[in-house]
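One structure is given here, and the rest of the page talks about it.
Just so we're clear, the structure is a prediction, and the values are computed from it rather than from any experiment.
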Amino acid sequence: EQWPGGENLTWLKLPIPGGYLVGPLLFINLLAAHAQRFRLTWKKAGIQSIHLGIILLLLGQLGAQLLQVESKMVIDKGERANFISRFHEVELAFVNVSDPTKDEVVAIPEDILQEGGTIRHPDLPFNAHIRGFGRNCNFKFKRNPQEKVQGVAASVDRGAGAELRIQLEELDEEMNPDSANFAWAVVELKDGRDRIGTWLTIAHPNGRNDFWKRGNDFMAPMVLQQFRHEDQLWVLEIRQKREYLPYSIELSELANEYYQGTDLPRNFLSDVRIHEEAVANASGRRALIYMNHPLRHDGKTFYQYQMGQVENYTVFQVIENPSWLTPYAACILVSLGLLLQFGYHLTRFLRKARS
């Protein structure tokens with residue numbers, strides 16, 4: 001809703017102070033007050049402890065804002081996953097799948113994709129020219145062969161983009177973690193002066209591109225688009241940036257509960273096992289992850305985020321926050337300060353009452 005006449009005031013831009021301005025000012029004020037009035041006595045010990053706790057709380061929030069990294073992990077029932085995907089970072093991956101025992105992956109980070117131009121990598125026997133890249137898009141299919149594909153996808157002549165005749169509409173990225181952003185790239189491959197072809201690749205917002213063929217068989221060609229070069233079989237795809245872990249998580253069972261008579265989720269539960277790479281042929285450590293009961297392992301916290309019980313998969317939100325213990329220490333300091341301050345005044349009151 002808008003205020004009456006608010007549409008006539010859209011030209012008026014009022015800057016509103018944010019956390020990066022108010023936080024440092026409050027921090028400086030606390031430090032100044034602490035330095036000016038600091039007295040190492042029992043009478044002031046409680047006040048000093050409270051101030052130190054608040055300062056530590058502000059520093060902890062700043063650390064979380066600057067250092068916290070949010071990712072997600074998608075696991076099918078009965079399978080393992082050993083990587084997490086960033087919510088708001090993507091990469092262009094070239095995978096050599098010629099060797100059935102291992103894959104060779106070359107990942108091009110997002111900042112290079114944004115610069116565009118030609119990418120030369122020592123592990124790639126060809127050059128990749130980025131004709132277009134975006135963090136989000138809408139797309140439709142030109143089913144009538146008489147209609148021409150317009151825009152940035154008009155040059156695509158290989159892979160799913162050419163087969164499905166996809167036309168792109170560039171959109172701004174939605175920053176909400178629950179929003180569906182379809183990152184995309186148009187990539188032309190060349191070997192010297194010889195042109196190999198131009199591909200269009202679109203990332204599935206779920207974090208794994210094999211989800212393209214789950215709900216829509218029509219988009220199945222978008223999964224792991226293959227091509228041959230110098231008797232080697234390659235795959236290219238744009239995907240959410242991955243971080244591979246020194247352990248894997250196996251989803252043994254999953255269940256969800258709803259409030260009776262409603263579609264509101266009451267509880268999501270995933271029964272998992274953690275398998276360390278250094279420990280071979282072990283059954284793994286069992287853990288239950290459900291709402292308000294995360295799993296903390298190796299500096300990361302796994303929260304139950306989403307669940308597709310019909311398709312037997314679960315999604316964890318993975319938080320890495322090096323300063324996650326700071327708020328607990330700050331609360332202990334503030335609580336100790338309150339106890340000292342109230343205890344001091346209570347003792348004085350009881351002494352006066354006796355006298």
Legend entry - Proximity of F302 and H297 rings by center, below 6.0 Å: no

Legend entry - Heavy-atom donor-acceptor pair, N127 side chain to K190 backbone, under 3.5 Å: no

Legend entry - Parallel, tilted or perpendicular: rings of H293 and Y290 (30°, 60°): parallel

Inset, instruction - Look up atom CG in L254 and atom CG in D271, then write down how far apart they are to the nearest 0.5 Å. - result: 9.5 Å

Legend entry - Distance-only polar pair, side chains of Q167 and E169, donor-acceptor under 3.5 Å: no

Legend entry - Among E243, E91, Q240, side chain to side chain donor-acceptor pair (under 3.5 Å) partner for R86: E243

Legend entry - Heavy-atom donor-acceptor pair, S355 side chain to K352 backbone, under 3.5 Å: yes

Inset, instruction - Report yes or no: do N96 and Q232 form a side-chain donor-acceptor pair below 3.5 Å? - result: yes

Inset, instruction - Supply the atom-to-atom distance N209 CG to Q225 CD, rounded to the nearest 0.5 angstrom. - result: 9.5 Å

Inset, instruction - Show your working on side-chain hydrogen bond (donor to acceptor under 3.5 Å, both in side chains) between R285 and H275 and close with a plain yes or no. - result: CA-CA 7 Å; R285 176 170 70 89; H275 300 272; over 6 Å; no

Inset, instruction - May I ask you to decide if P322's main-chain N or O and E320's side chain share a donor-acceptor pair within less than 3.5 Å? - result: no

Would you tabulate the side-chain donor-acceptor contacts of residues 108-122 under 3.5 Å, counting partners in other chains and residues two or more places apart, or write 'none'?
from : atom 1 : to   : atom 2 : distance (Å)
E110 : OE1    : V90  : N      : 3.1
E110 : OE2    : Q114 : NE2    : 3.3
E110 : OE2    : R135 : NH1    : 3.1
T118 : OG1    : H129 : ND1    : 3.2
H121 : ND1    : D123 : N      : 3.0

Legend entry - Heavy-atom pair of closest approach, residues G207 and S85: O-OG, 3.5 Å

Legend entry - From C137 atom SG to L168 atom CG, the distance as rounded to the nearest 0.5 Å: 5.0 Å

Inset, instruction - Describe, in one word, how the ring planes of F133 and W184 are oriented to each other, choosing from parallel (under 30°), tilted (30 to 60°) and perpendicular (over 60°). - result: tilted

Inset, instruction - Please state whether the rings of F227 and F126 are parallel, tilted or perpendicular, taking 30° and 60° as the class boundaries. - result: perpendicular

Inset, instruction - Indicate yes or no for a side-chain donor-acceptor contact from R165 to the backbone of N144 under 3.5 Å, with no hydrogens or angles considered. - result: yes

Legend entry - Pair Y305 + F316: ring centers closer than 6.0 Å: no

Legend entry - F218 six-ring centre to R143 NZ/CZ under 6.0 Å and within 45° of normal: yes

Inset, instruction - Can you measure from OG1 (T314) to NZ (K77) and round to the nearest 0.5 angstrom? - result: 12.0 Å

Legend entry - Validation row: L92, V187 side chains within 4.5 angstrom (heavy atoms): yes

Legend entry - Any donor-acceptor N/O pair, T301 side chain to R296 backbone, under 3.5 Å: no

Inset, instruction - Measure the shortest side-chain to side-chain distance between P294 and I289 over non-hydrogen atoms and say whether it is less than 4.5 angstrom. - result: no

Inset, instruction - Starting at CD of Q317, measure out to CD1 of I84 and round the result to the nearest 0.5 Å. - result: 11.0 Å

Inset, instruction - To the nearest 0.5 Å, tell me how far R195 CZ sits from L189 CG. - result: 9.0 Å

